[in-house]
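Structure, as structure tokens:
Order of listing sets the numbers, starting from 1, for every ligand and every atom in it.
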Amino acid sequence: MKEKILVTGGAGYIGSHTVVELQNAGYEVIVIDNLSNSNAGVIDGIERITGIRPVFEKLDCNDKEGLTALLEKNKGIKGIIHFAASKAVGESVQKPLLYYRNNLVSLINLLELMPEHGVENIVFSSSCTVYGQPDILPVDENAPIKPALSPYGNTKQINEEIIRDAVYANPAVKSIILRYFNPIGAHPSVEIGELPNGVPQNLIPFLTQTAIGIREQLSVFGSDYDTTDGSCIRDYINVVDLAKAHVIAVERMLRKKSDKDVEIFNLGTGRGLSVLELIHTFEKATGVKVNYKIVGRREGDIEKVWANPDYANNVLGWKSKETVEDTLLSAWKWQLKLREKGIM
Ligand code: UD1
């Protein structure tokens, strides 16, 4: 019998790519999502790739009664991957309480319900945002946690602490915390990809929407940072590579490959690229020009951050594989597909 994994936020960008990889690895996947920044059509895309339709329920993780009913209906869940969260940094500054409620209560609900329903393992989506501006680059998992620059970032930090405390109090529950750098790109089948509702806040969807003419111009935030060309540096990681790390993390917990109750891994490539380098790489990979303008800094941006992925490479046994060129090409093909289907 297939082992069951519950994926919260499984209709979202990283979640949907992870559902595909879990199904490919032989897991039975149950997806819940409140569809606040996604749509149910994503489930069709997953089915077209894998030939398997995951169980899907529209459910908000803040709805504890709904979660309880779900866990009762789907007995024997071996692990949870918890993606569901609000993630727009700017919005979190405007609506902090919404972010604290959405991102904290959902995790607390899951951690409370797990022991009651015999679920022992949880993978948590964290972020390199917990490092703030690191003193040493590339940044490894032992770098100090810096005061968060936004309520969003704070929710990731607090959630990591909640997990540590909850697992300490109840050693039957284990967790792997994955700190993502900047996930980009789309599935090579072009059936799923990044599709934010409204005006994109993140660089790649804004860039591809500008390249195709939906947006007039991409603003490059800042030209006076202490970097080679003055724009910010990030570690852009292919979303399918990232998704595969979740399958490895689940396997690690289910097969009890570690004696630690909580483990933390950076998921990045180890390579930093500036915003301008990324735009130029996109132009070269796709042959499409991007209309961009350099403007002032965006509030709350970190100057430069990229991963030291050695621990994930050596201990988790995961390594990013795709090139940034191919990844950007996949993002562009996805944008073209959205046009073809009349979605955007
Ligand atoms: C941030 C968080 C990350 C979080 C993500 C969710 C950090 C280091 N990272 O990523 O944890 O998961 O938000 O939304 O805090 N840019 C432009 N023009 C644009 C958009 C972005 O120049 O229109 C630049 C930004 O200034 C930044 C880079 O592109 O330098 C990437 O930005 P974005 O895609 O928004 O991700 P982060 O802010 O790095």
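- The pair Asp301-Arg298 meets the salt-bridge criterion, since a charged nitrogen lies less than 4.0 angstrom from a carboxylate oxygen.
- In the vicinity of Lys87, heavy-atom distances shorter than 4.0 Å reach the ligand 1 atoms 6 (C), 14 (O).
- Among protein heavy atoms, the minimum distance from atom 24 (C) of ligand 1 is reached at Val275 CG2, 3.8 Å.
- Atom 4 (C) of ligand 1 has Tyr152 OH, 3.3 Å as its closest protein atom, hydrogens excluded (heavy atom only).
- Each of the atoms 28 (C), 31 (C) of ligand 1 lies under 4.0 Å from some heavy atom of Tyr236.
- Applying the side chain to side chain donor-acceptor pair (under 3.5 Å) test to Glu299 and every residue at least two apart in sequence or in another chain returns nothing.
- The Ser219 neighbourhood of ligand 1 comprises atoms 17 (C), 18 (N), 19 (C), 22 (O), 23 (O), with distances under 4.0 Å to a heavy atom of that residue.
- In terms of protein heavy-atom proximity, atom 1 (C) of ligand 1 is nearest to Val89 CG2, 4.0 Å.
- Under a 4.0 Å N-O distance rule, the pair Lys73/Glu57 qualifies as a salt bridge.
- Near Cys232, the atoms of ligand 1 lying under 4.0 angstrom from a non-hydrogen atom of the residue are 30 (O).
- Of the heavy atoms in Gln201, only backbone atoms (N, CA, C, O) come closer than 4.0 Å to ligand 1.
- Contacts with ligand 1 closer than 4.0 Å are made by no heavy atom of Tyr180, backbone or side chain.
- Residue, atom and distance of the protein heavy atom nearest to atom 33 (P) of ligand 1 are Asn202 ND2, 3.5 Å.
- Within the listing of ligand 1, atoms 25 (C), 26 (O), 38 (O) sit less than 4.0 angstrom from a heavy atom of Asp301.
- Using a 4.0 Å cut-off between heavy atoms, Leu149 makes no contact with ligand 1 at all.
- Note: Tyr311 OH to Leu267 CG = 12.5 Å, rounded to the nearest 0.5 Å.
- Taking the ring axis of Tyr225 as reference, the NZ or CZ atom of Arg297 stays within 45° of it and closer than 6.0 Å to the ring centre.
- Side-chain contact, Arg271 with Tyr236: no donor N or O sits under 3.5 Å from an acceptor N or O.
- Set against the non-hydrogen atoms of Ser127, the atoms of ligand 1 under 4.0 Å away are 3 (C), 11 (O).
- Remark: aromatic rings of Phe282 and Trp332 are close, center separation under 6.0 Å.
- Given atom 15 (O) of ligand 1, the protein heavy atom at minimum distance is Thr129 OG1, 3.2 Å.
- Scanning all protein heavy atoms for the shortest distance to atom 27 (C) of ligand 1 gives Arg234 NH2, 3.8 Å.
- Ring pair Tyr180/His246: centre-to-centre distance below 6.0 Å.
- Glu263 has no carboxylate O lying under 4.0 Å from a charged side-chain N of Arg164, or vice versa, which leaves the two without a salt bridge.
- We find that Glu161 and Lys156 are not joined by a salt bridge, their nearest charged nitrogen and carboxylate oxygen being 4.0 Å or further apart.
- Under the side chain to side chain donor-acceptor pair (under 3.5 Å) criterion, Thr210 pairs with no residue at all, not counting sequence neighbours.
- The shortest N or O to N or O distance between Phe221 and ligand 1 is below 3.5 Å.
- Under a 4.0 Å N-O distance rule, the pair Asp261/Lys174 qualifies as a salt bridge.
- Counting heavy atoms closer than 4.0 Å to ligand 1, residue Ile302 contributes side-chain atoms (C-beta onward) but none from N, CA, C or O.
- A salt bridge links Glu283 with Lys289: the distance from a Lys NZ or Arg NE/NH1/NH2 to an Asp or Glu carboxylate oxygen falls below 4.0 Å.
- Listed by number with element, the atoms of ligand 1 under 4.0 Å from a non-hydrogen atom of Asn182 are 10 (O), 31 (C), 36 (O), 37 (P), 39 (O).
- Distance from atom 32 (O) of ligand 1 to its nearest protein heavy atom, with residue and atom name: Arg298 NH2, 3.5 Å.
- Which parts of ligand 1 touch Val220 is read off a 4.0 Å heavy-atom cut-off, strictly below it: atoms 22 (O).
- Some N or O of Leu203 is nearer than 3.5 Å to an N or O of ligand 1, by distance alone.
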